[in-house]
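Quick caveat, the model's predicted, so the values are computed rather than measured.
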Amino acid sequence: MTHDLVLAGGRVPGHGVADVAVRAGRVAAVGPGLTGAVVHDVTGRLVTPGLIDLHTHVGPGYWGIDPDPIAWYTGVTTWVDAGSAGAYTLDGLRRTVSGLGVRVPALLNVSAVGLAGRTGESRDLANCDVGLAVDTVLANRDLVRGIKVRIDHETVGVNGVEPLRRGLAVAATCGIPVMVHIGTTPPALDDVLDLLRPGDIVTHCASGIAAPLGPAVRDAYGRGVLMDIGHGSGGFAFEVAEAQLGAGLTPYTISTDLHARSVHGPVFDLPTTIAKLVAVGLPLDDALAAATVHPARALGLPGGTLDVGAPADIAVFRVEEGRFEMVDAHRQVRQAPLRLVNEATYVGGRLLPPRLPAPSPPWIPLTDAQRAALARREHDIRTLLATPLVGADGLAEQFPRPPTRST
């Protein structure tokens with residue numbers, strides 16, 4: 001049988017060296033000797049399901065970024081928007097994502113105003129209207145896969161865990177999970193964790209801020225609360241991740257919390273974040289599962305596997321071995337034994353083309369080094385876009401990747 005596309009000879013987790021065939025936007029077969037109208041030789045490459053980033057901010061609002069100029073060179077095909085929009089602003093999110101090349105499911109912010117500003121969205125409990133949020137979820141089942149609640153002192157003020165209680169009430173009514181952001185106290189982390197149910201998600205689980213190693217963490221982990229990395233600007237510490245792994249508290253999902261203030265460092269992208277977890281001892285195959293099949297299961301999303309019939313969301317990586325310096329949110333350094341360099345990203349069997357990123361919003365502070373790096377990246381991508389496509393064989397020749405960024 002002839003397929004639309006075959007990626008031939010790559011290493012496919014769970015299958016060894018195999019071909020991956022695509023027909024009508026879905027995975028049609030995985031195995032040896034497959035034929036197709038278009039065949040790309042990916043010998044020596046790692047072929048994975050498209051990565052699913054469980055915690056991003058696509059917008060609208062203070063934190064939002066455009067995912068398409070990042071997705072094409074990182075392999076991230078599904079970007080879960082984690083609470084940028086509440087009931088008042090969800091229509092704006094829907095308009096924002098309607099023309100994108102990637103998939104964007106959403107977690108509805110319990111606060112109806114969402115993340116229009118930097119913080120403080122749950123200081124006025126009138127914004128955390130349970131009935132309004134329930135109605136919004138029920139009217140937008142195609143988009144909304146969970147509820148997002150940020151619990152830290154700046155966000156909730158004197159309201160403690162009440163916004164979380166309201167978010168859990170919405171989630172229970174609608175049969176969906178809650179993702180809770182933990183940060184500076186009060187409220188105490190134990191008070192947050194004690195409320196969570198099996199299948200709910202704690203993001204920033206390896207934060208160096210919220211004492212994430214106590215008995216309440218172990219209890220939550222034991223009863224099925226899911227731990228998510230959510231790196232962000234301040235939510236990931238190497239020493240905490242190492243201690244958690246040593247205690248058997250393995251994160252269920254690896255996500256970036258990629259937003260306008262983390263995309264230029266310290267996070268950069270999901271493959272870099274995966275390498276940071278490998279640097280502290282998580283095996284690569286486990287890290288890949290935490291960025292593919294696990295987030296798909298957590299929210300009931302399509303994709304996350306290369307099973308026959310799954311959406312043909314596929315990433316092709318070159319695995320470079322060596323010693324690569326990685327930096328956490330607190331400027332601590334570890335050496336990763338490898339890094340993933342994306343060579344092609346497909347959504348529904350369609351190769352994502354290079355895209356030039358928009359300028360950083362004027363309210364985002366950038367260092368001189370970041371501005372210089374952005375100028376170099378823009379130059380590199382403009383040069384790439386001006387280069388005619390060459391060769392049907394060898395994806396690196398067809399779509400050269402931009403230079404690897406310093407971490």
Side-chain angles (χ1 to χ4, degrees), residues 55-65 80-97 104-141 143-189 191-197 200-204 210 228 230 232-235 257 259-261 299 361 363:
H55 186 163
T56 71
H57 292 283
V58 173
Y62 178 95
W63 300 98
I65 58 175
V80 179
D81 185 276
S84 298
Y88 297 158
T89 56
L90 189 66
D91 285 346
L93 175 63
R94 185 181 288 278
R95 288 191 295 271
T96 296
V97 305
V104 184
L107 305 178
L108 183 75
N109 199 311
V110 70
S111 171
V113 299
L115 297 179
R118 186 182 66 83
T119 189
E121 69 272 10
S122 294
R123 291 185 181 184
D124 183 351
L125 287 176
N127 291 329
C128 303
D129 184 320
V130 172
L132 177 60
V134 168
D135 289 347
T136 302
V137 173
L138 296 179
N140 294 274
R141 286 284 197 181
L143 179 60
V144 177
R145 296 295 184 133
I147 299 297
K148 175 69 179 295
V149 185
R150 297 205 303 169
I151 298 294
D152 63 59
H153 184 64
E154 275 198 303
T155 303
V156 302
V158 299
N159 292 326
V161 295
E162 180 60 22
L164 177 57
R165 293 183 187 278
R166 296 189 182 195
L168 288 164
V170 176
T173 300
C174 299
I176 54 179
V178 165
M179 174 188 280
V180 60
H181 147 123
I182 56 173
T184 53
T185 58
L189 179 62
D191 294 341
V192 174
L193 295 178
D194 288 347
L195 295 174
L196 299 182
R197 312 160 300 166
D200 289 332
I201 303 161
V202 177
T203 193
H204 313 311
D228 172 61
S233 294
D257 186 16
H259 53 65
R261 294 189 69 160
L299 296 183
W363 57 83

Measuring from atom [atom1] of [X] to atom [atom2] of [Y], what distance do you get when rounded to the nearest 0.5 angstrom?
X      : Y      : atom1 : atom2 : value
Thr119 : Tyr62  : OG1   : OH    : 10.0 Å
Asp152 : His204 : CG    : NE2   : 8.5 Å
Leu107 : Leu299 : CG    : CG    : 6.0 Å
Thr185 : His153 : OG1   : NE2   : 9.0 Å
Ile182 : Leu193 : CD1   : CG    : 6.5 Å
Leu164 : Leu196 : CG    : CG    : 6.0 Å

Please examine the side chains of [Y] and [X], heavy atoms only from C-beta on, and report whether any two atoms are closer than 4.5 Å.
X      : Y      : result
Val113 : Thr89  : no
Val180 : Arg150 : no
Met179 : Val149 : no

For the side chain of [X] and the backbone of [Y], is there at least one donor-acceptor N/O pair under 3.5 Å apart?
X      : Y      : value
Trp63  : Arg118 : yes
Asn109 : Gly83  : yes
Asp81  : Val58  : yes
Lys148 : Ala82  : yes
Asn159 : Glu162 : no

Residue pair Ser122 / Ser111, side-chain donor-acceptor N/O under 3.5 Å: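 No, Ser111 and Ser122 have no side-chain donor paired with an acceptor closer than 3.5 Å.
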
Could you check whether Thr203 and His181, counting side-chain N and O atoms only, form a donor-acceptor pair closer than 3.5 Å?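 No, because no side-chain N or O of His181 sits under 3.5 Å from a partner of the opposite role on Thr203.
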
Considering non-hydrogen atoms only, spot the tightest contact between [X] and [Y] and give its length.
X      : Y      : value
Val170 : Ala133 : CG2-CB, 3.7 Å
Leu143 : Val104 : CD1-O, 3.4 Å
Leu138 : Cys174 : CD2-SG, 4.2 Å
Ile151 : Pro163 : CD1-CB, 4.3 Å
Arg145 : Pro177 : O-CD, 3.5 Å
Ala169 : Val130 : CB-CG1, 4.2 Å

Tell me which pairs pass side-chain hydrogen bond (donor to acceptor under 3.5 Å, both in side chains) where either residue lies in residues 123-141, with sequence neighbours left out.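 Pairs touching residues 123-141 that pass the test: Arg94-Asn140.
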
Hey, what's the ring geometry for His259 with His57, parallel, tilted or perpendicular (30° and 60° as the breaks)? tilted

Out of Ile201, Asp200, Val110, which residue meets the side-chain contact (heavy atoms from CB on, under 4.5 Å) rule with Val178?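 In the set Ile201, Asp200, Val110, the residue that makes a side-chain contact (heavy atoms from CB on, under 4.5 Å) with Val178 is Asp200.
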
